[in-house]
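Chain identifiers are assigned alphabetically (A, B, ...) following the order of the sequence lines, protein sequences preceding nucleic acid strands; residue numbering begins at 1 within each chain.
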There are 2 protein chains.
Amino acid sequence: MGKQMADKTIREPLSRERVLAAAVALADAEGVKALTMRRLATDLGVEAMSLYFYVPSKEALLDGVLGTVFAELAAAAPEPAEGEWRTRLRRRFLAARAVMLRHPWAPGLLTTRGTIPPDVFAYFDWIVGTLLDAGFSHHLAHRAIHAFGSLPFGFAQEVFSPAAAGGSLDPDTAEADLAALAEALPHITAMVAHEMHGAGDPTLGWCDSQVEFEFTLDLLLDGLDRLRARR
Amino acid sequence: MGKQMADKTIREPLSRERVLAAAVALADAEGVKALTMRRLATDLGVEAMSLYFYVPSKEALLDGVLGTVFAELAAAAPEPAEGEWRTRLRRRFLAARAVMLRHPWAPGLLTTRGTIPPDVFAYFDWIVGTLLDAGFSHHLAHRAIHAFGSLPFGFAQEVFSPAAAGGSLDPDTAEADLAALAEALPHITAMVAHEMHGAGDPTLGWCDSQVEFEFTLDLLLDGLDRLRARR
DNA sequence: ACCTGAACACCGTTCAAGT
DNA sequence: ACCTGAACACCGTTCAAGT
C-alpha cells in the first residue's frame with residue numbers, strides 16, 4: 001500500500017507535512033510498530049537520513065504524528081455552537097471517536113508519550129467554556145474534565161475488549177475450553193450468554209462499542225447535569 | 001539501585017520469578033524504556049542470552065511483567081465480602097490504584113500490548129458477580145463493565161495531567177507566557193485561577209488525582225445505582 | 001540443565017561528503 | 001538547500017559451543 005509512494009516518476013519535494021502524512025498512513029496501514037525511520041524513508045522514496053532534515057528526531061516525529069491526528073480531530077468538528085451543552089459535547093466527542101477509529105494506534109501512542117499536542121489545549125478550553133456557559137461552577141467543570149477521562153478523544157480505555165479476551169480458541173478443544181471457562185468465570189459466562197441475543201460466534205461481536213461508548217458518555221453527562229442543577 | 005543485584009557473592013540460581021521481579025524493579029526505577037534484555041541481564045549478573053532460558057522472548061517478558069503486577073493487585077485485595085456492593089467495588093478499585101501508583105508504567109504497557117493477564121479475567125468475574133448480587137441485570141452489568149473503563153485497574157486515562165501541560169515554563173518569560181496562555185485559553189486559565197485556593201505554583205499541584213479518581217468513581221457508581229433501582 | 005561468545009539483522013543517529 | 005553513504009552504538013535473537 002505504501003509501496004507505490006516510492007514511485008519516483010514525479011517526486012515532488014519533501015516537506016514536513018508530507019513526512020508526517022506518510023507516517024500517519026504507514027501507522028494506519030501496518031501499525032505504529034512498523035513506523036520506523038528507515039521504513040518511512042523508503043515509503044517516501046528517500047534515504048533514512050533525509051528525514052532528519054524535516055524532523056529533528058524520531059520522538060519529534062511521533063509528536064508530529066499525534067499533532068496531525070489532533071488537527072484532523074479539530075477539523076472534523078465544525079462546531080455549530082447551537083443546542084444544549086450536552087448535545088454539543090456529545091456531538092464533538094463522537095466526532096473525535098470517528099477520527100480515532102481511523103487511527104486505532106493513536107490512543108496508545110498518546111498514553112505512551114507524555115507529550116500533549118498543542119491543539120488539545122484549545123480543545124479542552126472549548127469544553128470548559130461550554131460547561132461554564134451551561135452554568136457549571138469552575139470547580140465542577142474541573143471535576144468534569146477529569147471525569148471525562150479520554151472520552152473527549154473518542155476512546156474509552158476499555159481493557160476488556162472481547163477481541164483480546166477469547167481471541168485464540170482452538171476449534172478442536174473449543175467445547176472443553178468453554179466448559180472450563182464457564183467454571184472458572186461463572187458470572188462472566190452467564191453475562192455473555194444473556195447478552196448474545198441471536199446467533200453469533202461466542203468470542204466476537206457481542207459488544208457494540210459504539211453503543212457502549214454512548215452509554216458511558218450519557219451516564220457521565222447525566223450525573224454531571226444532576227450535580228450542576230443541585231445548587 | 002539495581003546495580004547491587006549484579007553482586008555475585010551468593011548468586012542464587014535464576015528463575016522465571018526472579019527474572020520477572022527484577023524486570024518490575026527495573027521498570028519501577030528507570031521506566032519501561034530502560035527495560036531491555038541486555039540491561040536486565042546485567043542487573044541479574046548474567047549474560048543477556050541466559051534470560052531466554054526462562055522467557056521465550058521479550059514480548060513474553062513484558063506479558064509476564066504485567067502478570068506479576070496484576071498478581072500483586074489480586075493479593076492486595078483481601079476481599080472482606082461484606083458491605084454494600086458500592087463500597088466493595090470502591091474498596092477494590094482503590095486498592096488497585098495503590099498498586100498502580102507503585103508501577104506508573106503499567107497502564108501504558110497494558111494499553112500498548114494487546115494481551116490481558118489471566119488474573120484479570122477472574123477479577124472481572126468478581127466484579128460482575130458483585131453487580132449481579134446487587135440486583136443488576138446481566139445487561140446493565142455488561143454496560144457497567146464498559147463504563148468503568150480502566151477504573152478497576154486503578155487508573156483513569158486522564159490525558160490532561162498538569163505535569164504534561166505546563167511542564168516547561170521558562171522562568172524568564174513565565175509572566176509573558178502566562179499572559180499569552182490566558183488569552184489563548186481563557187476558560188482554562190479562569191478555572192485554574194478559581195481552583196488554586198491557597199498559595200502554590202501555577203503549574204503543579206492544583207489537581208489532587210486521588211480526590212478526582214474517587215469523584216469519577218462515585219459519579220459512575222451513583223449513575224449505575226440509579227439505573228439499577230429504576231426497574 | 002544452565003550459561004556463554006560470537007554473530008546476524010535491525011534500530012536511531014552522527015558526520016563528512018556530495019550536488 | 002537538500003540529500004546521501006559509511007559508520008557507530010544499541011537493540012532482540014539464533015546458534016553452536018562450553019560446563
Side-chain angles (χ1 to χ4, degrees), chain A residues 2-3 5-24 26-27 29-67 105 108-109 112-115, chain B residues 2-3 5-24 26-27 29-67 105 108-109 112-115:
Chain A
K3 287 293 177 54
M5 285 177 147
D7 183 32
K8 346 174 107 176
T9 47
I10 296 201
R11 177 64 171 279
E12 53 184 308
L14 232 45
S15 68
R16 181 179 157 87
E17 286 69 37
R18 275 195 63 207
V19 168
L20 294 182
V24 170
L26 177 54
E30 308 188 25
V32 75
K33 201 180 170 180
L35 176 52
T36 163
M37 298 297 275
R38 286 171 148 100
R39 170 63 198 277
L40 176 58
T42 65
D43 274 12
L44 285 164
V46 95
E47 223 64 23
M49 309 77 203
S50 307
L51 300 179
Y52 287 86
F53 201 86
Y54 303 96
V55 147
S57 69
K58 171 144 192 210
E59 306 238 311
L61 172 76
L62 293 178
D63 289 345
V65 161
L66 278 179
W105 43 268
L109 186 58
T112 295
R113 301 203 45 65
T115 172
Chain B
K3 284 295 173 56
M5 284 177 148
D7 185 31
K8 346 174 108 177
T9 48
I10 297 199
R11 176 64 171 277
E12 54 185 309
L14 232 47
S15 69
R16 181 180 157 87
E17 287 70 37
R18 277 195 61 209
V19 169
L20 293 182
V24 170
L26 177 54
E30 309 189 23
V32 76
K33 200 180 174 180
L35 175 50
T36 162
M37 299 297 275
R38 287 172 147 100
R39 169 64 195 276
L40 176 59
T42 65
D43 274 13
L44 285 165
V46 95
E47 225 62 23
M49 310 79 205
S50 308
L51 299 178
Y52 286 87
F53 200 86
Y54 304 96
V55 147
S57 68
K58 169 142 195 211
E59 307 238 309
L61 173 77
L62 293 178
D63 290 345
V65 162
L66 278 179
W105 42 268
L109 186 58
T112 296
R113 302 204 44 64
T115 173

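- When the nucleotides dC3(D), dT4(C), dC11(D) are ranked by their closest atom to the side chain of Ser50(B), dT4(C) comes out on top.
- Of all heavy-atom pairs between Val65(B) and Ala23(B), the closest is CG2-CB, 3.5 Å.
- Judged as a side chain to side chain contact (heavy atoms under 4.5 Å, CB included), and not counting sequence neighbours, the contacts of Ala34(B) are Glu30(B).
- Partners of Glu59(B) by salt bridge (Lys or Arg N to Asp or Glu O under 4.0 Å), not counting sequence neighbours, listed by chain and number: Lys33(A), Arg113(B).
- Counting only heavy atoms from C-beta on, Glu47(A) has its side chain closest to dG5(D) among dG12(D), dT4(C), dG5(D).
- Scored by the side chain to side chain contact (heavy atoms under 4.5 Å, CB included) test, Glu17(A) finds Ser15(A) as partners (sequence neighbours excluded).
- Per the geometry, CE belonging to Met37(A) stands 16 Å off C1' belonging to dC10(D), to the nearest Å.
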- prompt: Which dot-bracket string describes DNA chain D (Watson-Crick N1-N3 plus N6-O4 or O6-N4, or G-U N1-O2 and O6-N3, all under 3.5 Å; [ ] crossing; | other strand)?
  reply: ||.|||||...|||||.||
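- Between Leu61(B) atom CG and dC11(D) atom P the separation is 14 Å, expressed in whole Å.
- Residues Leu44(B) and Leu14(B) are in side-chain contact: their nearest non-hydrogen atoms beyond the backbone lie under 4.5 Å apart.
- The side chain of Arg38(A) sits closest to dG12(C) out of dC3(C), dG12(C), dC11(D).
- Side-chain atoms of Thr42(B) and Glu47(B), non-hydrogen and from C-beta on, never get closer than 4.5 Å to each other.
- Residue Leu44(A) contributes atom CG, which lies 16 Å from atom C1' of dT4(D) at whole-angstrom precision.
- For Leu35(A) and dC11(C), the CG to C1' distance is 13 Å, given to the nearest whole Å.
- When the P atom of dC2(C) is taken as reference, atom CZ of Phe53(B) falls 4 Å away, rounded to whole Å.
- In this structure, Leu40(A) atom CG and dT13(C) atom C1' are separated by 15 Å, rounded to whole Å.
- Counting only heavy atoms from C-beta outward, the side chains of Leu35(A) and Leu61(A) approach each other to under 4.5 Å.
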Scan nucleotides 14-19 of chain C against the protein and return all N/O pairs shorter than 3.5 Å with their distances rounded to 0.1 Å.
none

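- When every heavy atom of Val19(B) is checked against every heavy atom of Leu51(B), the shortest pair comes out as CG2-CD2, 4.2 Å.
- Partners of Thr112(A) according to the side-chain hydrogen bond (donor to acceptor under 3.5 Å, both in side chains) rule, which considers only residues two or more places apart in sequence or in another chain, are Thr112(B).
- In this structure, the nucleotide among dG12(D), dC11(C), dC3(D) sitting nearest to the side chain of Thr36(A) is dC11(C).
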